[in-house]
Novice: 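Here it is, the structure in full.
Atoms within each ligand, like the ligands themselves, are counted from 1 in listed order.
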Amino acid sequence: MLHVAIIMDGNGRWARDRGLPRLAGHREGARAVRRVLEAAPGLGITDLTVYAFSSDNWKRPPAEVSGLMRLLRQFLDGEADRCIANGVRVSAIGRRDRLPGFALESLERAERLTRGLSRVHLRIALDYSSRDAIAAAARAGADSREGFERKLIPDVDLLIRTAGEQRLSDFLLWECAYAEFWFTERKWPDFDGGDLAAAVSDFHRRQRRFGAIPEPLAERRDIPA
Ligand code: FPP
């Protein structure tokens, strides 16, 4: 299993650099999601989680919020067949009760149509706040590490954030406990399969220790502890 999570940043700056409205950047960003989804299986990625709309994004101007919701519907409706053909399961994490009806409808349809598929699991974080997700898990009875693991999503292996920002912004706080981080200056609409391959290849060169010490050192009996 390889779980890659992406904070897709820089859509607005990409558009501004070209004298375009912010929504043009988001539209191009949706194309980048499709590119990444296509590249994922070839890179051994089994789980891909993308941060499409945070609970704090409701603070954006209403026109941008509704544009993002429409884009989401277009993406879900337009990609459903391709997801089915490629074995991609689609689901969402986050609150559903504040989503507009048309977006929720498309989401539930995509979830229903792709439920049995397992080559790649695409999770779209929508109206998502990790702190709220953790609090909800606790309210639902989680009171141990295993309890939280059951109510949250699988641990992230590799966290990617684009456009030069280096923060988590309330994304998968629990699940990123041992994630490797990879940052790039590239703005999300320009991100492609080659960038994803570079991130995954860098990830495979890292030594993950999970708090232990490297194997060869652990085996050396001549060096006192
Ligand atoms: C951050 O860039 C991006 C978002 C808040 C929205 C991400 C949405 C998409 C990529 C498109 C829709 C998603 C799917 C799954 C189809 P920003 O607007 O904060 O950019 P800026 O920091 O340059 O202003």
Novice: Tell me which protein heavy atom sits closest to atom 5 (C) of ligand 1, plus the residue, atom name and distance to 0.1 Å.
Specialist: N57 OD1, 3.7 Å
Novice: Please list the nearest protein heavy atom to atom 10 (C) of ligand 1 with its residue and the distance rounded to 0.1 Å.
Specialist: N11 ND2, 3.4 Å
Novice: Please confirm whether R16 approaches ligand 1 to less than 4.0 Å, judged on its heavy atoms.
Specialist: no
Novice: Heavy atom under 4.0 Å from ligand 1: found in M69's side chain, backbone, both, or neither?
Specialist: neither
Novice: For atom 19 (O) of ligand 1, what's the nearest protein heavy-atom neighbour? Residue, atom name and distance, please.
Specialist: R60 NH2, 2.8 Å
Novice: Pick one of side chain, backbone, both or neither for how W14 approaches ligand 1, counting any non-hydrogen atom pair under 4.0 Å.
Specialist: neither
Novice: Given V50 and M8, is the side chain to side chain contact (heavy atoms under 4.5 Å, CB included) satisfied, shown in steps?
Specialist: CA-CA 7 Å; V50 294; M8 310 181 287; 3.9 Å; yes
Novice: May I ask whether A163 places a heavy atom under 4.0 Å from ligand 1?
Specialist: no
Novice: Evaluate the salt bridge (charged side-chain N to carboxylate O under 4.0 Å, His left out) criterion for residues K187 and D190: first the C-alpha distance (whole Å), next the side-chain angles of each, then the deciding distance (0.1 Å), finally the verdict.
Specialist: CA-CA 6 Å; K187 296 181 185 73; D190 289 328; over 6 Å; no
Novice: Test side chain to side chain contact (heavy atoms under 4.5 Å, CB included) on F181 and L168; report intermediate values, then the result.
Specialist: CA-CA 10 Å; F181 286 26; L168 268 178; 4.2 Å; yes
Novice: What residue and atom, counting heavy atoms only, is the protein's closest point to atom 16 (C) of ligand 1, and at what distance?
Specialist: F75 CG, 3.4 Å
Novice: Please list, in number order, the atoms of ligand 1 under 4.0 Å from a heavy atom of R22.
Specialist: 17 (P), 18 (O), 24 (O)
Novice: Which one holds for K187 and ligand 1: side chain close, backbone close, both close, or neither close, with close meaning a heavy atom under 4.0 Å?
Specialist: neither
Novice: Run the salt-bridge test on R35 and E38 with the 4.0 Å N-O cut-off and return the result as yes or no.
Specialist: no
Novice: Could you check atom 11 (C) of ligand 1 against the protein and tell me its nearest heavy-atom contact, residue, atom and distance included?
Specialist: H26 O, 3.6 Å
Novice: Using a plain distance cutoff, I'd like to know if W188 has any nitrogen or oxygen under 3.5 Å from a nitrogen or oxygen of ligand 1.
Specialist: no
Novice: Before accepting this row, confirm whether a basic side-chain N of the pair R186/D192 lies closer than 4.0 Å to the acidic partner's carboxylate O.
Specialist: no
Novice: Does E165 come within less than 4.0 Å of ligand 1, judged by its heavy atoms?
Specialist: no
Novice: Do W14 and L20 make a side-chain contact, defined as non-hydrogen atoms from C-beta onward lying under 4.5 Å apart?
Specialist: yes
Novice: Identify the closest protein heavy atom to atom 22 (O) of ligand 1: which residue and atom is it, and at what distance?
Specialist: R13 NH2, 3.0 Å
Novice: Does D17 form a salt bridge (charged side-chain N to carboxylate O under 4.0 Å, His left out) with R13? I'd like the steps, not just the answer.
Specialist: CA-CA 6 Å; D17 292 348; R13 277 164 282 172; over 6 Å; no
Novice: Looking at side-chain heavy atoms only, is the closest gap between C83 and L37 below 4.5 Å?
Specialist: yes
Novice: Passes side chain to side chain contact (heavy atoms under 4.5 Å, CB included), W182 versus V200? Steps please.
Specialist: CA-CA 9 Å; W182 193 84; V200 169; over 6 Å; no
Novice: Give me the nearest non-hydrogen protein atom to atom 1 (C) of ligand 1 as residue plus atom name, then the distance to 0.1 Å.
Specialist: M8 O, 3.1 Å
Novice: Does the side chain to side chain contact (heavy atoms under 4.5 Å, CB included) test come out yes or no for N57 and V65, once each step is laid out?
Specialist: CA-CA 8 Å; N57 286 151; V65 170; 5.9 Å; no
Novice: Tell me the protein heavy atom at minimum distance from atom 20 (O) of ligand 1, and give that distance in Å.
Specialist: G12 N, 3.0 Å
